[in-house]
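Everything below concerns the one structure shown next.
Reminder, nothing fancy here: chain letters follow the sequence lines and each chain counts from 1.
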Amino acid sequence: MSNLSISDMARPAPPSPYLEGLNPEQREAVEAVEGPVLVLAGAGTGKTRVLTTRLAHILATGTAQPWQILAVTFTNKAAREMKERVGRIIGEAVEGVPWLGTFHSISAQILRRHAELVELKSNFTILDTDDQLRLLKQIIQAENIDEKRWTPRHLASLIDGWKNRGLLPDQLGEEDKWSFAEGRGQGLYQMYQDRLKTLNCCDFGDLLLHTLHMFKDHPDVLAEYHKKFRYVLVDEYQDTNVSQYLWLRLLAQGTGNICCVGDDDQSIYGWRGAEVDNILRFEKDFPGAHVVRLERNYRSTEHILAAASGLIAANRSRLGKTLWTEDSGGEKVQVRGIWDGEAEARFVAEEIENWSSKGRAYSDSAVLVRAAWQMRAFEDRFIMLGLPYKVIGGPRFFERAEIRDAHAYLRLVRSPEDDLAFERIVNTPKRGIGDTSVQKIAMTARAMGVPMSEAARVMVTTDEIRGKARTALQVFLRDIDRWREQAEHSRLDELAEIVLDESGYTAMWREDKTPQAAGRLENLKELVRSMGEWDTLEAYLEHVALVTDADRASDDDDEVSLMTLHGAKGLEFPLVFLPGWEETVFPSQRSLDEGGTRSLEEERRLAYVGITRARERAIITFTANRMIYGHWQAVIPSRFIDELPVDHVEAKSETGYYDGGPGRESFTGTADPMASSYSSPGWKRYQTNTQSGRKSDPPTINAKATLIESGGSDKTGKWQAGDRVFHDKFGYGTVKKADGAKYTVKFDKAGEKKVVESFLRDLP
DNA sequence: TGGGGGCACCTTTTT
DNA sequence: GGTGCCCCCA
């Protein structure tokens with residue numbers, strides 16, 4: 001890569017048409033190119049636009065060349081979006097920005113060039129969480145530690161935490177050293193790191209940690225990058241952890257031209273090591289920093305913005321911004337108290353149907369929940385109604401067992417020393433090579449200091465493994481060799497297909513008669529298809545290691561989006577539902593138990609992120625009864641509801657919390673949830689009923705049925721057998737028997753033969 | 001070696 | 001409630 005001469009740098013800036021339409025603050029954020037800059041960009045203030053325009057501006061004015069800019073994002077999606085938008089602004093002239101990517105992908109790029117400096121080979125493998133856990137489990141077992149008391153998962157999260165803070169095993173503080181298995185945490189961490197080196201592997205945390213320490217230990221290499229990166233841009237700065245912060249600081253030391261964009265009010269990844277402090281301290285860390293506040297919101301109505309602002313004002317550790325909009329008026333934020341989770345799902349679905357019947361698109365609406373388990377009730381309801389929806393950020397494609405198995409086969413074909421891959425698939429499908437045999441292979445491999453596949457090769461010639469296992473192992477090794485040869489002259493997707501077929505892996509799922517098997521086969525097909533886009537196995541595996549499939553979601557379909565609040569960051573919808581605003585659910589009790597006030601503030605930021613996703617309409621709901629882990633619990637409204645500014649909220653409750661008893665009286669204004677709940681007769685009644693483990697019936701019967709299609713002859717009068725009806729609670733059904741005002745109806749709901757004996761008709 | 005039953009667990013998760 | 005994991009038994 002060539003360097004830029006001084007004369008290039010001094011070239012005067014040509015006029016920039018792309019600056020048109022920016023407001024004064026946005027423009028300032030774009031044009032303040034030199035020195036440290038912090039852009040505090042509130043929700044909906046055009047953050048992405050500023051970021052991309054800034055990058056384009058630097059390029060278009062000739063201030064720097066594409067390869068001299070380091071632009072870091074957190075997600076691949078954000079990186080891709082930025083690339084596209086920059087390309088659109090400055091046209092085809094620029095062949096992309098090579099150092100635009102996520103912290104992890106850029107670190108991986110850098111690390112592969114200097115792998116030997118951290119005792120790795122440049123073709124190191126990036127481990128996923130699954131591999132990581134299995135490795136830790138092995139280490140814990142080998143150390144004879146009670147793995148029930150000290151779980152691999154626990155150790156993994158500790159190690160993750162240390163890596164997030166940029167700490168190597170020998171840098172742990174006293175407290176950390178003692179935090180696992182009576183002071184063995186440090187030793188285990190060291191063993192894990194050693195093992196990774198032997199296996200030529202990195203976990204996610206290592207990508208940053210190794211790069212960071214490589215820079216620290218090799219100033220000459222760092223200097224090289226100082227020369228290379230003239231401008232540093234960082235997105236979502238509020239979500240950086242210590243290790244990323246140090247990484248950035250080191251790189252920015254060169255020119256001092258670092259621009260961080262973020263919003264302290266939207267920092268929601270504290271539990272992953274993100275430090276809001278990084279953004280709160282920016283001006284101290286980068287003396288002379290220029291701070292630009294983007295406060296004009298282009299997304300939401302006045303009421304929505306005011307409700308969100310009022311809520312977030314309850315947080316103490318924040319820099320403080322005053323968002324405003326010219327979009328005055330609009331609807332107030334709605335708050336609804338509902339009997340239980342089922343009714344809540346019914347309510348939301350009904351609102352969406354109303355919305356749709358006014359000619360609005362399903363894809364304009366989203367349901368944002370605190371935790372993934374809350375999605376089920378909505379999915380059930382949507383499926384029953386045939387309402388189109390998609391779950392965003394659900395079970396991940398690349399984390400599915402069948403995809404990992406397939407990857408393990410390919411990894412082993414690529415590198416015989418990949419023990420983790422070997423262990424994973426040596427007996428998948430079942431070949432009769434059981435745990436005992438695998439243990440033997442592992443022990444021999446350790447003793448000989450060679451990879452397991454090597455050890456296995458030796459062992460099939462000796463008597464250590466006998467009978468069926470031995471033959472199976474021989475066949476397996478021969479297969480691997482054959483595929484490795486095959487890999488030389490096959491396209492990637494062909495190779496994958498051959499390996500999956502010949503290994504019997506596809507057959508294994510074809511013979512599996514469980515309902516999930518079909519989906520797994522489908523996924524494998526999809527995998528083979530997607531591999532057609534890649535030239536080398538290396539490139540493909542790197543891609544899947546660093547990319548999650550959040551980017552795979554298509555947004556063309558007209559579907560309601562269902563996702564967690566975390567998943568909703570950066571998105572916006574005209575209509576947003578925020579269900580489950582109850583103490584213990586949101587704010588999450590667990591989060592509060594662990595992190596106290598800090599966590600409460602983060603939960604509040606999550607609420608803030610939720611409300612600010614809405615453009616036109618935000619609807620918050622809470623229930624009186626919530627099924628949690630199979631138990632009914634009486635719950636009280638979230639404290640966040642009471643923190644919403646009264647003037648911007650319109651509230652109604654049918655649960656009796658606020659109005660003192662069952663009924664439908666509405667309430668307005670705020671109330672102390674504890675006082676009003678506990679003193680309310682309604683509350684007491686529900687609580688008693690709930691304690692027995694079963695909730696009582698709703699205070700009002702909210703279910704009714706309507707005729708939707710006449711199967712009988714009489715279309716206007718009474719229902720006939722064969723008529724199709726829609727019932728508020730049970731969905732679609734068919735009338736089986738009609739006898740005066742009594743009807744027997746069978747409902748369609750899959751797997752259920754629910755019969756409601758009689759109910760009143762409600763015909764239009 | 002592998003399948004079935006009992007049992008503990010249960011947030012969020014851009015990489 | 002439901003899933004994944006472990007242990008025990010055939």
On DNA chain B, check which nucleotide each of A/A469 and A/G567 is closest to and give me the residue with the more 5' one.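 Nearest-nucleotide comparison on DNA chain B picks A/A469.
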
On DNA chain B, check which nucleotide each of A/L565 and A/R431 is closest to and give me the residue with the more 5' one.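 Nearest nucleotide further toward 5': that of A/R431.
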
Can you name the residues that form a salt bridge (Lys or Arg N to Asp or Glu O under 4.0 Å) with A/E84, not counting sequence neighbours? none

Which residues share a salt bridge (Lys or Arg N to Asp or Glu O under 4.0 Å) with A/D131, sequence neighbours left out: A/R134, A/R411

How close or far is atom [atom2] of [N] from atom [atom1] of [X], stated in whole angstroms?
X	N	atom1	atom2	result
A/L133	B/dT13	CG	P	17 Å
A/R590	B/dC9	CZ	P	11 Å
A/K440	B/dT1	NZ	P	8 Å
A/N164	B/dT13	CG	P	17 Å
A/D239	B/dT12	CG	C1'	12 Å
A/K430	B/dG2	NZ	P	6 Å
A/E602	B/dT13	CD	C1'	12 Å
A/Q374	B/dC10	CD	C1'	14 Å

Aromatic-base stack, A/W271 on B/dT12, cutoff 5.5 Å, angle under 30: yes

Can a side chain N or O of A/S591 be found less than 4.0 Å away from OP1 or OP2 on B/dT12?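 No, A/S591 has no side-chain N/O under 4.0 Å of OP1/OP2 on B/dT12.
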
Strictly below 4.0 Å: does A/S437 bring a side-chain N or O up to OP1 or OP2 of B/dT1? yes

Pairing residues for A/R604 by the side-chain hydrogen bond (donor to acceptor under 3.5 Å, both in side chains) criterion, not counting sequence neighbours: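 By the side-chain hydrogen bond (donor to acceptor under 3.5 Å, both in side chains) rule, A/R604 matches A/N315, A/E643.
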
Using a heavy-atom cut-off of under 4.0 Å over every strand shown, decide if [X] touches base, sugar-phosphate, or nothing.
X	result
A/Y269	base
A/N427	sugar-phosphate
A/S588	base
A/A372	sugar-phosphate

State which residues pass side-chain contact (heavy atoms from CB on, under 4.5 Å) with A/A607; sequence neighbours excluded, sorted by chain then number. A/L311, A/W581, A/F586, A/F640

Letter per nucleotide, 5' to 3', of nucleotides 1-10 of chain C [B base touched, S only sugar-phosphate touched, - untouched; heavy atoms, 4.0 Å]: BS---SS---

Can you give me the closest heavy-atom contact between A/Q266 and A/Q238, atom names plus distance? O-NE2, 3.7 Å

Indicate, with yes or no, if the rings of A/W247 and A/H213 have centres closer together than 6.0 Å. no

Excluding sequence neighbours, so at least two apart, what forms ring pair (Phe, Tyr, Trp, His ring centres under 6.0 Å) with A/H407?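 Counting only residues at least two positions away or on another chain, A/H407 forms a ring pair (Phe, Tyr, Trp, His ring centres under 6.0 Å) with A/Y540.
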
